[in-house]
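What follows is a single structure, written as structure tokens, with notes after it.
Letters A, B, ... are given to chains in the order of the sequence lines, protein chains preceding strands, and every chain is numbered from 1. Computed from a predicted structure; not experimentally measured.
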2 protein chains.
Amino acid sequence: MPNWPQTPVRLKDIAHDLNVSVMTVSKVVRGCADVGPETRKRVLARIKELNYQPNWVARSLAARRTFIVGLIVPDLMHSFFAEIAKGISNSLRPLGYDVVICNSEEDATLEASEIDRLLARQVDGLILASAQPPSATDAFARIEARGVPFVLIDRRFASINASFVGADDEAIGRLATQHLIECGCRRIAHIAGPKTTPGVGRLKGYQDTLAAAGLDAPTGYVIHATDDASGYEATKKLLALSSVPDGIFGYNDPVAAGAIKAVLEAGLSIPQQVKVIGAGNVHYSDLLRVPLSTVDQRSTDIGTHAAEILAKALSSKRRRAVSSVLIEPRLVPRESTGR
Amino acid sequence: MPNWPQTPVRLKDIAHDLNVSVMTVSKVVRGCADVGPETRKRVLARIKELNYQPNWVARSLAARRTFIVGLIVPDLMHSFFAEIAKGISNSLRPLGYDVVICNSEEDATLEASEIDRLLARQVDGLILASAQPPSATDAFARIEARGVPFVLIDRRFASINASFVGADDEAIGRLATQHLIECGCRRIAHIAGPKTTPGVGRLKGYQDTLAAAGLDAPTGYVIHATDDASGYEATKKLLALSSVPDGIFGYNDPVAAGAIKAVLEAGLSIPQQVKVIGAGNVHYSDLLRVPLSTVDQRSTDIGTHAAEILAKALSSKRRRAVSSVLIEPRLVPRESTGR
DNA sequence: CTGAAAGCGCTAACAC
DNA sequence: GTGTTAGCGCTTTCAG
């Protein structure tokens, strides 16, 4: 086992060893065609011998491309985003890109600074599930000013004309609410999410469907939460209402899982007395206290589609037209709504 | 809203505008002390005006430091690793480091290539939950050859003299098994993990504790699985044994969650007829069909400790002594073992 | 097919 | 305090 030097081998070293120019070696490394087969062989041999690895920092500076794509998500712990991240990495890696994943913790300021860091690191492109407030435009403007292509996922921004990949959130809201109605629920509450498009869209789908069915929601039937812990607390409030709901639609699966816990703790049965449905189809939905009915939004597809759109933008010199993908949600009935 | 140029502002531009040298501007940017207060003010003003952002690629090349740390985990979807990743990012960000997260998919070859990519990108340090086979040494050797500091997490490698942060896996095995025994189990099966130190250590803790208690495990009582799906399948086999176990210790929480599903489907009750315990204390353990007893290994702490050790190594010029942290596990009894 | 020239944008080390 | 001189390791462009 050779003990390689602490200072890595450079193109220059190989060129010197072989009495060829740095350029020639560089061309071989990058697989350019215009190199004599004999020269190429010698260079390749030496490269293997010395275990040469190109310095990507230098390469990036000279080539003005880093082959790095930034991804910002609000919460890696939520398996929905972990799944998306995985889909993106897997799609982009074969194309030679590395993905730098950042966690914004659902904090717009932190996110903005992450965006700036990534831009300073000269990423070639950006994918964001943004935690910016709906009207915000500043952070995106800085990306556009730099001419860096980016695609929004999960959360849309009306004021921004950018590519988007995500679920049809109103459809999710309609699907979930309609399902509860069909299962016989009449007093349907909604644990709504934050004021992002998924939160707002699902809420609207819920309200529209209720209205269309001639049902109405008493005050207090719409309450906010973001994860299992807050979903649990929210549900306790719901159950304390004078008119206890017989159906609960949770903005996402973690919230719905928290709801299940609270309902059972209150001594009510699921699905007999209260039916619960979530959204997202996280992989452990089936393992919960009561297997959770949910609306699938195909997270992995969101990742692959986003990667695909970005890849196209990265490979075309001209500014590409904005292109979007709306993923059609799919009902996954399980025990929590009586199946 | 100014429309900034596509080609970003450079030090040179600012220097030119102000009739000072590039160096002076550079010094101001980096906050060096040796700059006249008047000059500094002018430079700062222009920087704000032009929204100058240093080019980190160029800076990295010149300074021979990227302020990037690589993190490789086998599976981001497993919330244990997501939690660690979060702990690491949060600890390292304030020190000016960005963390590049890679997923090895539990594949040693893929991991080796990720390591090489990260090294080629000139990361300043590396943190790995490695998927290399226990005897492997090659990939680590390449890191050391480059003189890049690294710390191993979760999985240890006997042949490698490197810093390590992880749980005391034998203790986890002992704690879980002992708990089952104390809950009255006599026929205790183990769904073991892969042949990594956590898998092997927990298995040993299980075997030692069984032996110490004078219990023995019939053939077929140790079976392998890695996630909820395979844990579910493994448990079905366990339940088909002539002597059905009355206690199951799952290598990790997902496996144990799969076990719960299989046991209930078989018409057996938990914890009355079969008790189940996992390890890891993933955040949804409490929301499972039966709230899962588990052994907590404080994932976030693993991340912060690893970050701390690496940070020390990064800030000291001399090669640091290897330092390790063994996290003491803690029993978290819930309903799945009768509490 | 090969290579010389000219940087990429920034920083270390040392003069002034 | 400020500026100069030299790169970092690689690629682009264009001449031979």
Side-chain angles (χ1 to χ4, degrees), chain A residues 5-44 47 50-68 96 119-124 146-147 317, chain B residues 5-44 47 50-68 96 119-124 146-147 317:
Chain A
Q6 292 270 128
T7 118
V9 190
R10 298 155 306 171
L11 282 189
K12 190 199 290 186
D13 302 320
I14 295 180
H16 186 257
D17 289 2
L18 266 41
N19 273 322
V20 294
S21 81
V22 171
M23 260 332 296
T24 306
V25 183
S26 170
K27 281 174 177 165
V28 171
V29 169
R30 284 172 299 152
C32 293
D34 59 346
V35 169
E38 179 53 34
T39 321
R40 150 169 284 115
K41 243 180 48 192
R42 289 172 55 217
V43 172
L44 248 20
I47 281 179
L50 263 39
N51 192 256
Y52 168 75
Q53 300 285 141
N55 177 327
W56 271 88
V57 173
R59 172 178 284 188
S60 299
L61 181 61
R64 280 104 165 236
R65 281 189 81 177
T66 54
F67 280 88
I68 293 181
L119 288 176
R121 295 246 188 232
Q122 314 294 116
V123 294
D124 291 342
R146 285 278 256 94
K317 226 58 274 210
Chain B
Q6 292 271 129
T7 117
V9 190
R10 298 154 306 173
L11 282 189
K12 192 200 291 187
D13 302 321
I14 295 180
H16 184 258
D17 289 2
L18 266 42
N19 274 323
V20 295
S21 80
V22 172
M23 255 339 288
T24 307
V25 183
S26 170
K27 281 173 177 164
V28 171
V29 170
R30 285 172 299 151
C32 293
D34 58 346
V35 169
E38 179 53 34
T39 320
R40 148 169 285 116
K41 240 181 51 190
R42 288 173 56 219
V43 172
L44 249 19
I47 281 180
L50 264 38
N51 192 255
Y52 168 76
Q53 299 285 141
N55 178 329
W56 272 89
V57 173
R59 171 177 284 186
S60 299
L61 182 60
R64 280 104 166 241
R65 279 189 85 177
T66 54
F67 280 89
I68 291 181
L119 289 177
R121 295 241 187 237
Q122 315 294 117
V123 294
D124 291 342
R146 285 279 254 93
K317 226 62 268 215

Do B:Asn51 and B:Val9 touch side chain to side chain, with heavy atoms closer than 4.5 Å?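 Side-chain contact under 4.5 Å: no.
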Among residues at least two apart in sequence or on other chains, which ones pass ring pair (Phe, Tyr, Trp, His ring centres under 6.0 Å) with B:Tyr52?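 Not a single residue meets the ring pair (Phe, Tyr, Trp, His ring centres under 6.0 Å) criterion with B:Tyr52.
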What's touching nucleotides 13-16 of chain C from the protein side, N or O pairs under 3.5 Å?
none

Quick check: on DNA chain D, is the nucleotide nearest B:Arg64 upstream (toward 5') of the one nearest B:Ser21, or the reverse? Name the residue that is more 5'.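 Comparing both residues, the 5'-ward one is B:Ser21.
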For [X], all residues meeting side-chain hydrogen bond (donor to acceptor under 3.5 Å, both in side chains), sequence neighbours excluded:
| X | value |
| --- | --- |
| A:Asp124 | A:Thr66 |
| B:Thr24 | B:Ser21 |
| B:Gln53 | none |

Specify the closest pair of heavy atoms between A:Gly96 and B:Arg121, including all atoms of both residues, with the distance to one decimal.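 In terms of heavy atoms, the two residues are closest at O-NH2, 4.3 Å.
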Shortest non-hydrogen contact between B:Ala120 and A:Pro54, atoms and distance: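 What the structure gives for the nearest pair is CB-O, 3.6 Å.
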Short side-chain N/O contact to C:dC10 OP1/OP2 from B:Tyr52, under 4.0 Å: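 It does, given that an N or O in the side chain of B:Tyr52 lies less than 4.0 Å from OP1 or OP2 of C:dC10.
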Over how many whole Å does the gap from A:Leu18 atom CG to C:dG3 atom P extend?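 After rounding, the gap between these two atoms is 11 Å.
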Value in whole Å for how far the C1' atom of C:dG9 lies from CD of A:Gln122: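 Roughly 9 Å, once rounded to whole Å.
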Sequence neighbours left out, cut at 3.5 Å: what donor-acceptor pairs do the side chains of residues 33-43 of chain B make with other protein atoms?
| residue | atom | partner | partner atom | Å |
| --- | --- | --- | --- | --- |
| B:Arg40 | NH2 | B:Cys32 | O | 2.8 |
| B:Arg42 | NH2 | B:Leu18 | O | 2.8 |

On DNA chain D, reading 5' to 3', which nucleotide is the first and which the last to sit with an atom under 4.0 Å from a heavy atom of chain A, could you check?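 Reading along DNA chain D, I get D:dG9 to D:dT12.
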Applying side-chain hydrogen bond (donor to acceptor under 3.5 Å, both in side chains), which residue pairs with at least one partner in residues 9-19 of chain A are found, sequence neighbours left out?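 Sorted pair list: A:Arg10-A:Asp13, A:Asp17-A:Arg46.
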What pairs meet the side-chain hydrogen bond (donor to acceptor under 3.5 Å, both in side chains) rule with one or both residues in residues 56-65 of chain B, with sequence neighbours excluded?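 Of all non-adjacent pairs touching residues 56-65 of chain B, those that pass side-chain hydrogen bond (donor to acceptor under 3.5 Å, both in side chains) are B:Arg65-B:Tyr97.
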Tell me which residues in residues 56-63 of chain A lie within less than 4.0 Å of DNA chain C, going by non-hydrogen atoms.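 The answer is A:Leu61, A:Ala62.
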Taking Watson-Crick (N1-N3 plus N6-O4 or O6-N4) and G-U wobble (N1-O2, O6-N3), each under 3.5 Å, can you produce the dot-bracket string of DNA chain D? Use [ ] for crossing pairs and | for inter-strand ones. ||||||||||||||||
Once side-chain contact (heavy atoms from CB on, under 4.5 Å) is applied, do any residues pair with A:Ala62, and if so which ones, sequence neighbours excluded?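 For A:Ala62, no residue satisfies side-chain contact (heavy atoms from CB on, under 4.5 Å) once neighbours in sequence are set aside.
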Candidate pair A:Leu44 and A:Val28, rule side chain to side chain contact (heavy atoms under 4.5 Å, CB included), full reasoning: CA-CA 7 Å; A:Leu44 248 20; A:Val28 171; 3.3 Å; yes
